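As the structure is a computational prediction, the values presented were derived from the model and not from experiment.
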Amino acid sequence: MTYALPPLNALRAFEAAARHLSFKLAAHELHVTPAAVGQQVKALEARLGVQLFERLHKQLILTAAGQAYLPGVSEGFRHIADATSQLKPAGTVLLQLGVYGSFDLRRLDLAVFRSAHAEIGLRVLQPAGLHELVEGKVDLLIARGLGRHPGYRCDRVTEGSGLGDWLIAPEGTADCPEIVSFRGWLRAASVEKPLAGRPRLVGTVGS
């Protein structure tokens with residue numbers, strides 16, 4: 001059976017905006033800009049041929065169609081989330097890695113890490129940011145920024161100064177074996193396979 005589904009990103013944008021009744025709050029949740037959320041919702045409305053929101057001055061209101069659509073979309077996401085939570089990566093220890101939205105995961109070649117560390121079950125959450133790290137939804141984070149966060153160990157992943165990619169972990173768990181293993185693997189992988197665009201740890205910023 002083939003499912004006639006709109007693009008997943010557009011559905012996520014609609015569902016988040018409908019829950020918050022705000023493109024700004026939805027953007028914060030999804031780690032994108034409010035304009036990006038608005039564009040996704042507009043594209044979804046164009047695809048469906050139905051207006052989902054009334055856009056008033058500083059106010060977002062669901063139309064009757066939007067109100068009817070939201071419960072089914074939210075329930076669908078809940079089913080997917082529940083099914084995903086039942087899946088347990090192989091390994092005796094679970095390591096949850098958060099990654100910011102625009103990072104290309106192909107740069108990491110995570111299959112190599114999983115093969116080398118069968119004892120660690122690696123799961124990736126993308127998009128993710130400091131909010132997910134603070135809430136404990138991820139154990140380790142690859143973030144875009146300046147890499148200075150009190151209470152966190154920050155290892156620079158990209159060359160240069162200023163904004164860059166950083167590997168961030170809470171100081172209290174930064175030396176846990178699974179995090180040390182991932183940090184060490186990332187450092188070793190950049191030496192063994194110095195391909196263009198491959199991440200490498202190039203410096204550390206303390207709290």
Between Leu108 and Ile142, is there a side-chain heavy-atom distance shorter than 4.5 Å? yes

More than 12 non-hydrogen atoms from neighbouring residues, nucleotides or ligands closer than 6.0 Å to NE2 on His20, yes or no? yes

CG-CG distance between Asp155 and Leu186, expressed to the nearest 0.5 angstrom: 9.0 Å

Would you say the side chain of Gln96 lies within less than 4.5 Å of the side chain of Leu140, judging by non-hydrogen atoms? no

Lys137: partners by side-chain hydrogen bond (donor to acceptor under 3.5 Å, both in side chains), with sequence neighbours left out: Glu135

Closest non-hydrogen contact found for Ala27 with Pro34 is CB-N, 3.4 Å

What pair of heavy atoms forms the shortest contact from Gly98 to Ala128, and how long is it? CA-CB, 3.8 Å

If Ile, Leu, Val, Met, Phe, Trp and Tyr residues are connected whenever their side-chain heavy atoms lie under 4.5 Å apart, and connections chain through other members, are Phe14 and Ile61 in the same group? no

Would you say the side chain of Leu62 lies within less than 4.5 Å of the side chain of Tyr69, judging by non-hydrogen atoms? no

Which heavy-atom pair separates Ala26 from Ala17 by the least distance, and what is that distance? CB-N, 3.5 Å

Residue pairs passing the salt bridge (charged side-chain N to carboxylate O under 4.0 Å, His left out) test where at least one lies in residues 66-84, sequence neighbours excluded: Glu75-Arg78

Could you list the residues that satisfy side chain to side chain contact (heavy atoms under 4.5 Å, CB included) with Ala65, not counting sequence neighbours? Val50, Thr63

Could you check whether any side-chain heavy atom of Arg153 comes within less than 4.5 Å of a side-chain heavy atom of Asp175, counting everything from C-beta outward? yes

Where at least one partner belongs to residues 61-74, residue pairs that pass salt bridge (charged side-chain N to carboxylate O under 4.0 Å, His left out), sequence neighbours excluded: none

Those residues at least two apart in sequence (or on a different chain) that pass ring pair (Phe, Tyr, Trp, His ring centres under 6.0 Å) with His117 are Phe113

One pair to check against side chain to side chain contact (heavy atoms under 4.5 Å, CB included): Gln59 and Glu54. What are the steps and the verdict? CA-CA 8 Å; Gln59 189 175 12; Glu54 290 284 352; over 6 Å; no

Between Leu110 and Val124, which heavy-atom pair has the shortest distance, and what is it? CD1-CG2, 3.5 Å

Check Ala68 against Pro71 and note the closest heavy-atom contact, atom names and distance. O-CD, 3.5 Å

Hey, quick one: are Leu8 and Leu30 part of the same hydrophobic cluster, counting side-chain heavy atoms closer than 4.5 Å, chains of contacts allowed? yes

May I ask whether Phe77 and Leu48 are part of the same hydrophobic cluster, defined by side-chain heavy atoms of I, L, V, M, F, W, Y residues being less than 4.5 angstrom apart, directly or through others? yes

Sequence neighbours excluded, the answer for salt bridge (charged side-chain N to carboxylate O under 4.0 Å, His left out) partners of Asp139 is none

side-chain hydrogen bond (donor to acceptor under 3.5 Å, both in side chains) partners of Asp104, counting only residues at least two apart: Arg106

Just how far is it from atom NE2 of His79 to atom OG of Ser74, taken to the nearest 0.5 Å? 11.0 Å

Using side chain to side chain contact (heavy atoms under 4.5 Å, CB included) as the criterion, list what pairs up with Glu178, not counting sequence neighbours. Val93, Leu95, Ile120, Cys176

Run the salt-bridge test on Asp165 and Arg107 with the 4.0 Å N-O cut-off and return the result as yes or no. yes

Ser181 side chain to Pro177 main-chain N or O, any donor-acceptor pair under 3.5 Å? yes

Is any side-chain heavy atom of Arg183 less than 4.5 Å from a side-chain heavy atom of Leu167? yes

Fit a plane to each ring of Tyr100 and Phe103, take the angle between them on a 0 to 90° scale, and name the class: parallel (under 30°), tilted (30 to 60°) or perpendicular (over 60°). perpendicular

Measuring from atom CZ of Arg144 to atom OG of Ser102, what distance do you get when rounded to the nearest 0.5 angstrom? 7.5 Å

Applying salt bridge (charged side-chain N to carboxylate O under 4.0 Å, His left out), which residue pairs with at least one partner in residues 59-68 are found, sequence neighbours left out? none

Test item: Phe23 and Val32 side chains (from C-beta on) under 4.5 Å apart, heavy atoms: no

Could you list the residues that satisfy side-chain hydrogen bond (donor to acceptor under 3.5 Å, both in side chains) with Arg12, not counting sequence neighbours? none

Among residues at least two apart in sequence or on other chains, which ones pass side-chain hydrogen bond (donor to acceptor under 3.5 Å, both in side chains) with Glu132? His31

Under 3.5 Å, side chain of Trp166 to main-chain N/O of Val157, donor-acceptor pair present? no

Name all residues meeting the side chain to side chain contact (heavy atoms under 4.5 Å, CB included) criterion together with Glu45; count only those two or more places apart in sequence or in a different chain, and write none if there are none. Val41, Gln51, Leu52, Phe53, Arg55

Treat each ILVMFWY residue as a node, draw an edge where side-chain heavy atoms are under 4.5 Å apart, and state whether Leu21 and Leu44 are in one component. yes

Single-linkage hydrophobic cluster, 4.5 Å side-chain cutoff, Leu94 and Trp185 together: no

pair His149-Cys154: side-chain heavy atoms closer than 4.5 Å: yes

Are Leu97 and Arg123 close enough that some pair of their side-chain heavy atoms sits under 4.5 Å apart? no

